[in-house]
Each structure stands twice: as C-alpha cells, then as structure tokens.
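This report concerns only the one structure given below.
In what follows, chains carry the letters A, B, and so on, assigned in the order in which the sequence lines appear, proteins first and then strands, with residues in each chain numbered from 1. A quick note: this is a predicted structure, and the numbers were derived from the prediction, not measured.
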Amino acid sequence: MRLFRSEEHVRRWSETSKIPVGNIFPLDALWRLAQLWFHDRLSPSWRRQTIEEAHATFEQAGLTGTFWRLDA
Amino acid sequence: MNFDTTVRLAIMDSFLAEVGPSVPVVARMLDAPADDVAAAFDRLAAGRAIVLQPGTHDILMSAPFAGVRTEFSVHVGDRWYSANCVWDAVGIPAMLAGAGRRANARIETRCADCSASLSLDVRDGELTAKPPEAVAHFAVPATRWWADIVFT
C-alpha cells in the first residue's frame, strides 16, 4: 500500500507501470484502518484476526467491496 | 504468557529500541537458548506473525515494522523506524497509542508516481497533517495479499 499525491497520480502510475488501479481511499480511512488493525499489537493477547474479524475491521474503516474480501 | 508470545513481544521491543531483532539479540533479551528462540521465530513465521527472509531467521517484517530499510520512514521522538507500507507506517503511532505510549509521529515517504516528498503527522492519537489531495492506493486485492507479501 502506497501514498500518492492525488488520484490523478495513481492513474498516471498505473499507466506507466502497467499495474491496474486497485483501491484508492482517503487518508482518514487509512488512519482509521491503522488504528483498528494495530491498536493491540503490543498486547500479549494479540492474535491474528479471523477472516470475519478482518472484514468487520475493514467495514468499520469504511473499506468495503470485493477488493477488501479475504474470501473472494 | 507462552514462550512464542514472549518472543514476539521481545521482537517488537527490539524494533522499538532501534535494535534489529535477530535470534541472538532476542535470546540475550530473554536469557533463553538460541535454538528455542529460533524455533519460536519459525512458529511465528508459520502463523504469519512475522515474515522471515527465505531460508534464514532474519526478520523481513514484523508488522508494522520492516526489518530492512524502506521508503516509509516513521519518526517518533528521537527514533526512526522503517515500515513496510503506508498502512504500517501510520500503524506505528496507532500501535503506540493503543498501548498508551507516546503517539506523536511524522511519516515521511514519496509519491509512488512522481517521487515528490510526502509527509503525514500524527499528534495525540489523531492524523493532524497530510497533503491535501493525497490518497492511499492498494494494488493487491485482499484475497491475494499473502501470495506475495513483499509486493503487497
């Protein structure tokens, strides 16, 4: 996952690299995703999320659709 | 707390202290036999808690930390960390805030298209500064993340 100056730069990069555009999302969603995903990483009780838990996390961050499905 | 969890947390503590967490480093931290620590590294990698360089016990990733220098630098206090991607980069202050630790950070990277410098600031648990039109882009759908985790 990388950062771009704007959506226009994502599309230009895609044309140059021949890598299809995947999912573009705002930085507020990125920050929310990071908070939900990493908040407990230093806890002894941390474990990898189940697929269902990961889907719930993505949805809470506003990231929906088949791109964010681990079982698609 | 089981041994693998102890090793995982020692790996994270080592990254936080800017000390590369190798098997000998963690064995010294825990006063544990190196063979036991190496076996724990293998189990943690099998469970995808860490990613090892193929055929070694060198840590490539222990998210959100990168075991190698990357283009995602995270400045917290007087320390610099490398992250695996922009998600992990903002994940470092998010992780610290979740643990009740200092969470102010500056993330520095470059636009993947034009290489312009881009920075983000996290203050008191909030994303407080960002380039106005900047966006995150994920090229790989979730179902394929682990097919090539380094590219992902």
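In this structure, chain A has a heavy atom under 4.5 Å from the side chain of L16(B), while its backbone stays farther away. Within the 4.5 angstrom heavy-atom criterion, only side-chain atoms of E71(B), from C-beta onward, approach chain A. Both the backbone and the side chain of D88(B) come within less than 4.5 Å of a heavy atom of chain A. Only the side chain of R8(B) comes within less than 4.5 Å of a heavy atom in chain A; its backbone stays farther off. Proximity to chain A (any heavy atom under 4.5 Å) is shown, for A89(B), by neither the backbone nor the side chain. Contacts of A97(B) with chain A are absent, with no heavy-atom separation under 4.5 Å from either backbone or side chain. With a 4.5 Å cut-off on non-hydrogen atoms, L9(B) touches chain A through its side chain but not through its backbone. Heavy-atom distances place both the backbone and the side chain of R12(A) under 4.5 Å from chain B. Only the side chain of L120(B) comes within contact range of chain A, judged by heavy atoms closer than 4.5 Å.
Looking at heavy atoms from C-beta onward, R32(A) lies in side-chain contact with Q60(A) at the 4.5 angstrom threshold. Here the side chains of M61(B) and I50(B) are not in contact, with every heavy-atom distance at 4.5 Å or above.
Using modelled atom types and a 3.5 Å distance limit, the side chains of S117(B) and E108(B) yield no donor-acceptor pair.
Between F4(A) and H137(B), the ring planes are perpendicular. Angles over 60° get that label, and only those under 30° would be called parallel. Under the 30°/60° scheme for interplanar angles, the aromatic rings of F58(A) and W37(A) are found to lie parallel.
When each of L27(A), I24(A), V21(A) is checked for heavy-atom pairs under 4.5 Å with chain B, L27(A) comes out on top. Contact tally against chain A (heavy-atom pairs below 4.5 Å) for P93(B), P141(B), A136(B): the top residue is A136(B). Contacts with chain B were tallied for D28(A), D71(A), D40(A); D28(A) has the most, counting heavy-atom pairs under 4.5 Å. Contacts with chain A were tallied for A63(B), G47(B), P131(B), P132(B); A63(B) has the most, counting heavy-atom pairs under 4.5 Å. Annotation: maximal heavy-atom pairing with chain A below 4.5 Å, among N2(B), D13(B), V86(B), occurs at V86(B). The candidate with the highest count of non-hydrogen atom pairs below 4.5 Å against chain B, out of L36(A), V10(A), I51(A), T66(A), is V10(A).
Annotation: W68(A) is in aromatic contact with F25(A) [ring centroid separation under 6.0 Å]. Residues F15(B) and Y81(B) place their aromatic rings such that the two centres sit no closer than 6.0 Å.
Nearest heavy atom pair, residue L118(B) against residue R110(B), reads CD1-C, 4.1 Å.
Classification of R11(A) and E15(A) as a salt-bridged pair fails, no side-chain N sitting under 4.0 Å from a carboxylate O.
In this structure, T64(A) contributes its side chain and E59(A) its backbone to no donor-acceptor pair below 3.5 Å.
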